[in-house]
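The structure appears right after this line, and notes come after that.
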Amino acid sequence: MGSLSIWHWLIVLIVILLLFGSTKVSSLMGDFAKGIKSFKKNMADDESSSNSSTTQQNKTLSASDQKDDSVSFNEPSKTTVSSDSEKK
């Protein structure tokens, strides 16, 4: 008594078809299929973009690891400070 038989499901299906019409149900199922395809496509794009971004990060790190000898941060600063009293 707790489970529904095949006849119950057929009656429910007929009622749904009568309420919504066959064109509405078929367009709804078509939209559902398009949504699934779009989801799968976006998941594949995310995987490929994450692989390419990892490769891009590796390239950026290797370029920043190169040493630039034109800038030296270890040299003492050569600034002089003069006050107004020294000018007079």
Side-chain angles (χ1 to χ4, degrees):
M1 189 141 169
S3 65
L4 297 175
S5 68
I6 188 71
W7 295 109
H8 291 108
W9 288 113
L10 287 175
I11 292 172
V12 169
L13 181 63
I14 291 171
V15 169
I16 289 174
L17 285 175
L18 288 174
L19 287 175
F20 296 108
S22 62
T23 58
K24 181 72 173 176
V25 173
S26 66
S27 68
L28 181 68
M29 294 306 290
D31 291 341
F32 183 71
K34 287 178 186 177
I36 290 174
K37 287 179 183 178
S38 175
F39 178 75
K40 287 181 179 181
K41 180 184 170 200
N42 287 334
M43 289 300 289
D45 289 345
D46 286 344
E47 288 177 4
S48 65
S49 68
S50 67
N51 289 341
S52 66
S53 67
T54 304
T55 305
Q56 181 66 25
Q57 287 176 352
N58 289 341
K59 288 180 181 178
T60 304
L61 288 176
S62 64
S64 66
D65 288 340
Q66 294 177 355
K67 199 172 196 179
D68 187 10
D69 293 331
S70 65
V71 178
S72 177
F73 294 103
N74 295 330
E75 292 180 11
S77 61
K78 298 177 183 178
T79 59
T80 58
V81 178
S82 62
S83 65
D84 290 335
S85 61
E86 291 177 6
K87 290 182 180 178
K88 293 181 181 181

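A quick note: this is a predicted structure, and the numbers were derived from the prediction, not measured.
- The side chain to side chain contact (heavy atoms under 4.5 Å, CB included) with Ile14 is formed by just one residue from the set Ile11, Leu18, Val12, Ile16; it is Leu18.
- Hydrophobic clustering places Phe20 together with Val15 (ILVMFWY residues linked when any side-chain heavy atoms are closer than 4.5 Å, directly or through intermediates).
- The structure places CG of Asp31 at 12.0 Å from OG of Ser38, a figure rounded to the nearest 0.5 Å.
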Using side chain to side chain contact (heavy atoms under 4.5 Å, CB included), reason through Phe32 and Ile36 one step at a time and then give a plain yes or no. CA-CA 6 Å; Phe32 183 71; Ile36 290 174; 3.4 Å; yes
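- Here the NZ atom belonging to Lys41 is positioned 12.0 Å from the NZ atom belonging to Lys37, to the nearest 0.5 angstrom.
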